[in-house]
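Below, read A as the first sequence line, B as the second, and so on, with proteins coming before strands; counting in each chain starts at 1. Nothing here was measured: the structure is a model prediction, and the numbers come from that model.
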Amino acid sequence: MSTEGSTENNPSQDFIREIVHGDLASGKHNEIVTRFPPEPNGYLHIGHAKSICLNFGVAEETKGRCHLRFDDTNPAREDTEYVDAIKQDVEWLGFTWHEQPFYASDYFDRLYGYAQELIRQGKAYVCDLSAEAFMQTRGTPTRAGENSPHRDRGVEENLILFESMRRGEFDDGSKTLRAKIDMASPNIHLRDPALYRIRKVTHHRTGDAWAIYPMYDFAHCLSDAIEGITHSLCTLEFEVHRPLYDWILEQLDLPRPLPRQIEFARLNLGYTVMSKRKLLQLVQDGDVDGWDDPRMPTLSGLRRRGVTPQAIRHFCQRIGLTKFNALTDIALLEHSIREDLNRCALRVMGVLRPLKVVIENLPEDYVEMLEAINHPEKPEEGSRQLVFSREIYIETDDFMEDPPKKFFRLQPGGEVRLRYAYILKCEEVIKDADGNIVELRASIDPESKRGGATSARKVKGTIHWVSASHAVDAEVRLYDRLFTQEEPDAQKEGKDYRSLLNPDSMVKLEGCKLEASLGEASDQTRYQFERLGYFCADQQSNQDGKPVFHRTISLRDSWAKAKG
RNA sequence: UGUCUGGUGGUGUAAUGGUAGCACAAGGCCCUUUGGAGGCUUUGGUCAAGGUUCGAAUCCUUGCCGGACAGCCA
């Protein structure tokens with residue numbers, strides 16, 4: 001099995017790495033500088049992880065550097081809460097950025113100067129059109145737009161007006177600074193795009209210093225140039241913006257070679273949504289518990305759920321990088337999660353839906369310590385002692401009164417191996433007045449423990465258990481996919497993606513019985529509850545001394561598949 | 001009737017004019033005191049039609065199908 005650091009498909013490179021290595025080989029660049037440029041208006045999700053792994057990965061591999069840059073040019077939607085969360089998530093994934101984080105807002109002065117320069121060159125002008133008029137004169141993809149009546153304002157007038165905009169002398173939205181390119185361009189983004197808009201909003205870093213803020217298209221390319229970014233990697237929807245990206249940089253006196261924008265396909269994952277807008281809506285509507293709800297595809301949600309950064313990085317490596325707009329099978333992520341958890345999780349036993357079993361051929365006060373190993377493939381993880389006694393709990397699902405063929409577990413009169421312990425035989429089924437099974441009476445084969453005379457006896461199944469009087473009570477939360485449809489965004493009109501929320505995406509189980517060692521579980525430790533799945537303790541909701549565990553993911557279950 | 005861009009097994013990706021390979025998923029077998037893990041194995045693919053070539057997933061032509069773009073969002 002391949003492990004850390006190893007690049008699967010080692011010799012092959014994606015198209016971006018080919019370009020990067022080509023630019024190094026040709027001498028175009030001596031050092032590669034990339035950037036990860038989130039807007040601090042939401043939490044990072046696994047789609048961002050793809051970009052993070054790409055940008056930081058390319059920098060690492062080429063001994064270059066990658067800047068974390070906050071693209072904070074729209075103060076109305078941005079907040080330091082997001083800045084902090086983003087930093088935490090990037091670090092959690094295991095990447096370190098060059099020096100301090102960068103901020104587009106640190107360049108506001110210089111960007112303003114570049115805008116003035118464009119005005120002086122006659123390539124930008126102040127436009128008085130309202131947003132509505134702006135829209136109406138822009139044309140459509142198939143119809144050219146019309147020139148703004150203010151397009152030919154003189155340089156001096158433009159400079160003065162722009163300065164007044166900056167000082168807040170005009171109302172929000174009353175004027176914009178626009179590039180003067182071509183209103184008939186087949187590319188709408190070249191039809192005199194807005195460069196600055198008036199927004200009298202307090203910025204989370206610059207306060208009230210500015211009444212105008214630069215647009216993405218203006219700020220991003222220039223921020224890249226200012227930082228000496230060599231390759232500006234972004235998602236496909238910016239493909240159409242690239243001519244504008246290049247146009248702005250080419251007009252100005254900037255160090256060459258200029259940064260090059262290269263687009264790749266964003267990650268689409270089945271059974272979830274990946275837009276910050278929709279994720280925010282789920283949070284605001286209370287459909288989930290917050291950005292870090294374990295059902296969310298956010299990095300904070302995945303973290304809280306118990307997914308490891310290593311699993312995410314491996315996943316990002318596996319999904320590849322192309323310009324094809326793909327829908328990635330959620331099974332691929334699940335595989336990466338299981339693979340890493342199998343490697344690192346400590347094995348323990350816990351019973352989620354307890355069924356009491358009384359072992360009648362054991363005395364009332366019987367107590368025996370049994371050794372259990374912590375990890376079958378890692379002897380260095382050692383072992384622990386389990387308490388075995390007369391009354392135990394087994395999983396309700398592990399007993400069937402009238403089982404189908406190929407059911408390897410316990411049934412009336414049948415035998416099963418108790419993990420790390422004895423062979424157990426079901427002698428009697430106790431039911432309540434309504435006919436519900438409430439308890440089993442059983443016996444053990446006292447010689448069947450490992451090393452015992454009958455230990456080699458063949459029994460079909462092995463089940464997990466905990467000692468009734470020594471078990472820890474816990475709440476366990478099971479998670480499933482957030483949506484019932486693989487493509488919640490791609491529904492026929494009228495069907496809102498929120499109507500496709502999976503009502504069973506979280507199931508809370510109370511009264512679960514866990515082996516004693518889990519009473520002091522650290523939230524950093526990943527566990528495998530044997531035969532059930534991977535779990536981790538919750539750091540937040542550990543109320544009234546009762547631990548809460550999340551099921552990160554179930555084990556592969558070929559029995560579930562077999563019975564359909 | 002616009003511009004940009006893409007189409008390789010069920011899914012995601014490799015092959016850069018020379019044996020269509022890998023991973024996931026699915027099926028089978030072995031092993032197993034986790035129906036886990038692991039090992040072995042099978043099924044299954046170049047959007048279509050022409051052309052160039054000894055040879056095409058790759059180059060050319062035409063067609064078909066998909067995605068992005070009409071925020072003073074990023």
Distances for protein N/O vs nucleotides 64-68 of chain B N/O pairs under 3.5 angstrom?
unit_1: rG67(B); atom_1: O2'; unit_2: N325(A); atom_2: ND2; d: 3.0

Of the nucleotides [options], which one has an atom closest to the side chain of [X]?
| X | options | answer |
| --- | --- | --- |
| R419(A) | rU33(B), rA25(B), rC73(B) | rU33(B) |
| I319(A) | rA74(B), rU34(B), rG12(B) | rG12(B) |
| R409(A) | rG35(B), rU34(B), rG2(B) | rG35(B) |
| T322(A) | rC73(B), rU33(B), rA14(B) | rA14(B) |
| H241(A) | rA74(B), rG35(B), rG71(B) | rA74(B) |
| Y534(A) | rG36(B), rG12(B), rU3(B) | rG36(B) |
| A326(A) | rG2(B), rG12(B), rG35(B) | rG12(B) |
| I188(A) | rG71(B), rU3(B), rA70(B) | rA70(B) |
| K406(A) | rU34(B), rU13(B), rG35(B) | rG35(B) |

Atom CZ of R457(A) and atom P of rU32(B): how far apart are they, to the nearest Å?
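One finds 18 Å between P of rU32(B) and CZ of R457(A), rounded.
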Between atom CG in L327(A) and atom P in rU13(B), what is the gap in whole Å?
10 Å
Tell me the ring-ring contact (aromatic ring centres under 6.0 Å, His included) pairs involving residues 169-197 of chain A, sequence neighbours left out?
F162(A)-Y196(A), H189(A)-H241(A), Y196(A)-F218(A)
Taking only residues two or more places apart in sequence, or in another chain, which ones meet [X] in a salt bridge (Lys or Arg N to Asp or Glu O under 4.0 Å)?
| X | result |
| --- | --- |
| D445(A) | R457(A) |
| K200(A) | none |
| K513(A) | D473(A) |
| D480(A) | none |

Row check, Y112(A) ring normal vs R166(A) NZ/CZ: under 6.0 Å, within 45°:
yes
With a cut-off of under 6.0 Å to the ring centre and 45° to the axis, is R178(A) in cation-pi contact with F134(A)?
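Yes.
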Would you sort out whether I46(A) and M274(A) count as a side chain to side chain contact (heavy atoms under 4.5 Å, CB included), showing the intermediate values?
CA-CA 8 Å; I46(A) 188 157; M274(A) 209 73 92; 3.6 Å; yes
Within the structure shown, what part of the strands sits under 4.0 Å from [X] by heavy-atom distance: base, sugar-phosphate, or nothing?
| X | answer |
| --- | --- |
| Y213(A) | nothing |
| R242(A) | nothing |
| A76(A) | nothing |
| M135(A) | sugar-phosphate |
| R138(A) | sugar-phosphate |
| E334(A) | nothing |
| E377(A) | base |
| R277(A) | nothing |
| T176(A) | base |

Using the [atom1] atom as the reference point in each nucleotide, state the distance between [N] and [M] in Å, no decimals.
| N | M | atom1 | answer |
| --- | --- | --- | --- |
| rC22(B) | rG2(B) | P | 43 Å |
| rA15(B) | rG6(B) | P | 15 Å |
| rA56(B) | rA49(B) | P | 14 Å |
| rG38(B) | rA23(B) | P | 13 Å |
| rU11(B) | rA26(B) | P | 15 Å |
| rA25(B) | rG9(B) | C1' | 11 Å |
| rG28(B) | rG36(B) | P | 13 Å |
| rG21(B) | rU42(B) | P | 12 Å |

Please write out each protein N/O paired with an N/O of nucleotides 28-30 of chain B under 3.5 Å, distance rounded to 0.1 Å.
none

For H203(A) together with F108(A), are the ring centres under 6.0 Å from each other?
yes
Applying side-chain hydrogen bond (donor to acceptor under 3.5 Å, both in side chains), name anything that partners Q136(A), two or more places apart in sequence or on another chain.
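None.
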R409(A) vs P403(A) side-chain heavy atoms within contact, under 4.5 Å:
no
Side-chain heavy-atom pair R266(A), L236(A) within 4.5 angstrom cut-off
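R266(A) vs L236(A): side chains apart.
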Quick one: list whatever passes side chain to side chain contact (heavy atoms under 4.5 Å, CB included) with Y271(A), sequence neighbours left out.
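Y271(A) satisfies side chain to side chain contact (heavy atoms under 4.5 Å, CB included) with I330(A), R481(A), E486(A) once adjacent residues are dropped.
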Can you give me the dot-bracket string for RNA chain B, 5' to 3', counting Watson-Crick and G-U wobble pairs with both distances under 3.5 Å, using [ ] for crossing pairs and | for partners on another strand?
.((((((..((((....[..)))).(((((.......)))))....(((((..]....))))))))))).....
Of all of residues 189-205 of chain A, which get a heavy atom below 4.0 angstrom from RNA chain B, listed by number?
H189(A), A194(A), R197(A), R199(A)
Compare the ring of F324(A) with the six-membered ring in the base of rG6(B) and state whether they stack (centres under 5.5 Å, planes under 30°).
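No; by the centre-distance and plane-angle rule, F324(A) does not count as stacking on rG6(B).
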Under the salt bridge (Lys or Arg N to Asp or Glu O under 4.0 Å) definition, can you give me all pairs with a residue in residues 180-189 of chain A, not counting sequence neighbours?
D152(A)-K180(A)
